Amino acid sequence: MNIKTIFKKIDNDMPLSQEEVEFLLSASGDDMSALYEKADSVRREYMGDEIFLRGIIEFSNFCTKKCLYCGINSRNDKVARYRMSDEEILEVCRGMLSRGQTTAVLQSGEDPFYTKEKMAGLIKAIKKETSLAVTLSVGERDRDTYALWKDAGMDRYLLRFETSDEELFRSCHPDSDLKTRVKCLRDLKSLGVQTGSGFLIGLPGETIQQLARDILFCTSLSLDMIGVGPFIPHGDTGFGLENNPFPKDVFFKTVSILRLLNKIAHIPSTTAFDAIDPDGRNLLLERGCNVFMPNATPGKYRKHYLLYPGKPCVDESSEDCASCVIARITSLGRKLGKGPGHSLRK
Ligand code: 5AD
Ligand code: FES
């Protein structure tokens with residue numbers, strides 16, 4: 001096996017085998033550089049030089065779930081819980097377009113306070129007042145709920161499957177299972193909602209073989225958006241004493257391989273990469289990514305939405321992140337995405 005024959009397969013839109021994905025994950029030296037460059041050139045050819053900005057509003061940190069990796073899981077009683085009011089959320093949305101942010105991403109824990117009707121009302125209000133695309137990321141709900149939100153104007157939905165290994169999934173999620181998670185993704189897709197998913201890289205005990213399966217499973221879903229990030233142990237969670245089994249390079253290689261296999265997916269350079277490397281998100285934009293999700297949560301709430309320790313931008317304001325991201329785009333010689341940056345699959 002060698003990297004050139006694998007790249008030929010990519011050029012010919014041929015699927016890769018489990019062994020070939022594992023080979024790419026273990027690439028080092030010149031092969032690793034070649035992988036990053038190939039991902040950058042596939043990104044340029046299929047997605048262009050534009051970087052789309054999706055401002056993320058972390059509007060509630062209440063959560064009913066007990067995921068063992070997550071800092072805001074319901075068992076962590078050190079978290080000061082908050083909910084933003086509809087008006088606060090709308091106020092953030094109103095400021096987005098002038099900052100080049102053409103999508104509002106509304107993210108929260110799984111918070112039943114937001115009934116399907118309440119959420120639908122909020123989506124309608126954002127759509128009425130702004131021309132933003134609206135993405136939700138609020139966890140597992142039933143098909144009818146997703147359908148109501150789609151009717152209210154929701155454009156996209158993000159829900160990571162976290163791991164495609166049923167046993168590992170169970171060991172991280174005491175109150176969920178992989179089948180339900182995947183059903184949610186299928187429901188969303190069948191409703192015509194642009195759907196994003198992805199996984200955590202390096203959950204405790206994960207092997208390179210499992211990671212390669214995650215990459216192939218993720219690809220098999222034909223997603224509109226793909227977001228992945230390294231698992232970072234949080235001291236106040238069930239996995240607080242665990243380690244990420246992989247070296248840093250593996251995180252970056254994972255994203256590059258995803259780009260090679262998902263040429264027209266929107267792939268964000270996710271926040272957790274800045275937690276493991278101060279230059280992480282910038283590097284990813286040169287290794288396959290075409291989307292950036294600046295934190296748009298009002299400053300006073302940020303320190304209460306710590307999914308993992310070392311999360312960047314916690315001491316910054318929305319204005320800081322908005323100007324930081326423009327500076328990043330300029331320094332990389334890329335362009336600001338115009339328009340909503342909808343899926344290319346449609
Ligand atoms: N480290 C890295 N990412 C995490 N997430 C939750 N907890 C952690 C952690 N400890 C990610 C999950 C979730 C997304 C919103 O944040 O993948 O889907
Ligand atoms: Fe928040 Fe750079 S993106 S400060």
Side-chain angles (χ1 to χ4, degrees), residues 51 53-61 63 65-73 76 79 99-101 105-110 135-140 157-164 168-169 172-173 176 181 184-185 196-204 206 214 218 225-244 246 251 254 268-276 278-282 284-285 291-297 299 302 305-331:
I51 295 175
L53 302 187
R54 334 269 210 209
I56 178 157
I57 311 171
E58 298 150 336
F59 67 94
S60 161
N61 68 354
C63 195
K65 293 243 162 117
K66 303 184 187 69
C67 309
L68 273 84
Y69 45 80
C70 182
I72 63 166
N73 83 80
N76 187 1
V79 177
R99 296 173 170 151
Q101 299 171 19
V105 181
L106 269 56
Q107 191 181 82
S108 69
E110 295 211 4
T135 302
L136 258 60
S137 175
V138 301
E140 295 172 2
Y157 203 89
L158 304 178
L159 180 65
R160 290 186 181 174
F161 61 82
E162 313 294 0
T163 170
S164 64
L168 188 56
F169 190 100
C172 308
H173 304 101
S176 181
R181 191 61 65 97
C184 289
L185 294 172
S197 190
F199 51 88
L200 281 167
I201 311 166
L203 281 166
E206 189 182 327
D214 283 349
C218 195
M225 300 92 74
I226 297 176
V228 297
F231 159 67
I232 302 170
H234 184 305
D236 301 321
T237 64
F239 285 165
L241 298 175
E242 303 285 347
N243 289 314
N244 191 307
F246 303 134
F251 310 147
T254 298
S269 178
T270 56
T271 314
F273 274 86
D274 267 4
I276 53 117
D279 210 24
R281 277 191 286 182
N282 280 21
L284 269 191
L285 290 170
V291 170
F292 197 99
M293 298 169 71
N295 193 329
T297 310
R302 292 187 179 199
Y305 204 87
L306 284 192
L307 307 183
Y308 47 84
K311 194 171 168 228
C313 307
V314 166
D315 298 322
E316 276 76 13
S317 66
S318 307
E319 296 78 35
D320 292 334
C321 292
S323 46
C324 172
V325 66
I326 302 289
R328 288 179 192 241
I329 292 173
T330 312
S331 77

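By convention here, the first residue in the shown sequence is residue 1. Nothing here was measured: the structure is a model prediction, and the numbers come from that model. In each ligand, atom 1 is the first atom listed, and ligand 1 is the first ligand listed.
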S.K.: For atom 7 (N) of ligand 1, what's the nearest protein heavy-atom neighbour? Residue, atom name and distance, please.
M.R.: Tyr69 CD1, 3.3 Å
S.K.: Pick whichever of Leu68, Ile232, Thr163 has a heavy atom sitting closest to atom 1 (N) of ligand 1.
M.R.: Ile232
S.K.: What are the atoms of ligand 2, with element, lying closer than 4.0 Å to any heavy atom of Arg281?
M.R.: 3 (S)
S.K.: Considering heavy atoms of the protein only, find what lies nearest to atom 2 (Fe) of ligand 2 and give residue, atom and distance to 0.1 Å.
M.R.: Cys324 SG, 2.2 Å
S.K.: Considering only the protein, which heavy-atom contact is closest to atom 16 (O) of ligand 1, and what is its distance?
M.R.: Leu307 CD1, 3.4 Å
S.K.: Give me the ring orientation class for Phe239 and Phe231: parallel if the planes are under 30° apart, tilted from 30 to 60°, perpendicular past 60°.
M.R.: perpendicular
S.K.: Ignoring hydrogens and angles, state whether a donor on the side chain of Thr163 or Glu206 is under 3.5 Å from an acceptor on the partner side chain.
M.R.: no
S.K.: Give me the nearest non-hydrogen protein atom to atom 18 (O) of ligand 1 as residue plus atom name, then the distance to 0.1 Å.
M.R.: Glu162 OE2, 2.5 Å
S.K.: Has Cys313 got an N, O or S atom lying less than 2.8 Å from atom 1 (Fe) of ligand 2?
M.R.: yes
S.K.: Would you mind running through ligand 1 and noting each atom that sits below 4.0 Å from a heavy atom of Pro230?
M.R.: 1 (N), 2 (C), 3 (N)
S.K.: Can you sort out which atoms of ligand 1 are near Gln107, meaning under 4.0 Å from one of its heavy atoms?
M.R.: 15 (C)
S.K.: What do you reckon, does Pro233 put a non-hydrogen atom under 4.0 Å from ligand 1?
M.R.: no
S.K.: Do Leu307 and His234 touch side chain to side chain, with heavy atoms closer than 4.5 Å?
M.R.: no
S.K.: Find out whether Cys321 and Cys313 are in side-chain contact, i.e. whether some heavy atom of one side chain is under 4.5 Å from a heavy atom of the other.
M.R.: yes
S.K.: Looking only at protein heavy atoms, which one is nearest to atom 3 (N) of ligand 1, and how far off is it?
M.R.: Leu200 CD2, 3.2 Å
S.K.: Taking the side chain as every heavy atom from C-beta outward, state whether Leu306 and Ile72 have any pair of such atoms under 4.5 Å apart.
M.R.: no
S.K.: Are Arg302 and Glu58 ion-paired here, with the side-chain N under 4.0 Å from a carboxylate O?
M.R.: no
S.K.: At a 4.0 Å threshold, what atoms of ligand 1 neighbour a non-hydrogen atom of Cys70?
M.R.: 7 (N)
S.K.: What residue and heavy atom of the protein are closest to atom 11 (C) of ligand 1, and at what distance?
M.R.: Arg160 NH1, 3.7 Å
S.K.: Measuring only between side-chain heavy atoms, which start at C-beta, is Thr270 closer than 4.5 Å to Met293?
M.R.: no
S.K.: List ligand 2 atoms under 4.0 Å from Glu316, heavy atoms only on the residue side.
M.R.: 4 (S)
S.K.: Under 4.5 Å between any side-chain heavy atoms of Leu106 and Val138, yes or no?
M.R.: no
S.K.: Centres of the Tyr69 and His173 rings: under 6.0 Å?
M.R.: yes
